[in-house]
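Atom set for the values below is all heavy atoms of this structure, side chains included, hydrogens, waters and symmetry mates excluded.
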Amino acid sequence: MKLALIACAPLVVLAACATPQASIGGGGAAPASGAMYCWKDRLVAADGKLQCNWNADAREACKSAFVTDLPRERVTGEPREGNFCPNGQRLVAVQLR
């Protein structure tokens, strides 16, 4: 029994380190209106969603690596290019409805 528990311990640690995917549309993490920012090279449009490392603050978007989905119906227009982050990443911005 102890051997089985020892063998499973690394799996528990790996599961705790996994990055979960979240949806901004259902979680209330996104502001009701305003702009959202993310890295241009992380932006993927698919299935009525814009997937990226979205953040309501441009400086935080430069540091963020957590990818979330933004429902397309919450966005007005197309993503537009923004400034560069200190790490060299180009930001894009969208305006929320």
Note, Leu96 side chain near Leu70 side chain (heavy atom, < 4.5 Å): yes
Summary of salt bridge (charged side-chain N to carboxylate O under 4.0 Å, His left out) pairs that have at least one residue in residues 36-46, sequence neighbours excluded: Lys40-Glu81
Contact check, side chains of Trp54 and Leu43, non-hydrogen atoms, under 4.5 Å: yes
Residues that Ala58 engages under side chain to side chain contact (heavy atoms under 4.5 Å, CB included), provided they are two or more places apart: Tyr37, Leu91
Residues which pass side chain to side chain donor-acceptor pair (under 3.5 Å) with Gln89, listed by chain and number, not counting sequence neighbours: none
Flag side-chain contact, heavy atom, 4.5 Å: Gln51 against Val67: yes
Non-hydrogen side-chain atoms of Leu50 and Val44 separated by less than 4.5 Å: no
Heavy-atom donor-acceptor pair, Arg97 side chain to Glu73 backbone, under 3.5 Å: yes
Whether Asp47 side chain and Lys49 backbone form a donor-acceptor pair below 3.5 Å: no
For Asn53 against Ser64, the heavy-atom pair lying closest together: ND2-O, 2.9 Å
Counterpart residues, side chain to side chain donor-acceptor pair (under 3.5 Å), relative to Glu78 (two or more places apart): Arg72
Residues which pass side chain to side chain contact (heavy atoms under 4.5 Å, CB included) with Asn83, listed by chain and number, not counting sequence neighbours: none
Pairs meeting criterion disulfide bond (SG atoms under 2.5 Å apart) with involvement of residues 68-97, two or more places apart: Cys62-Cys85
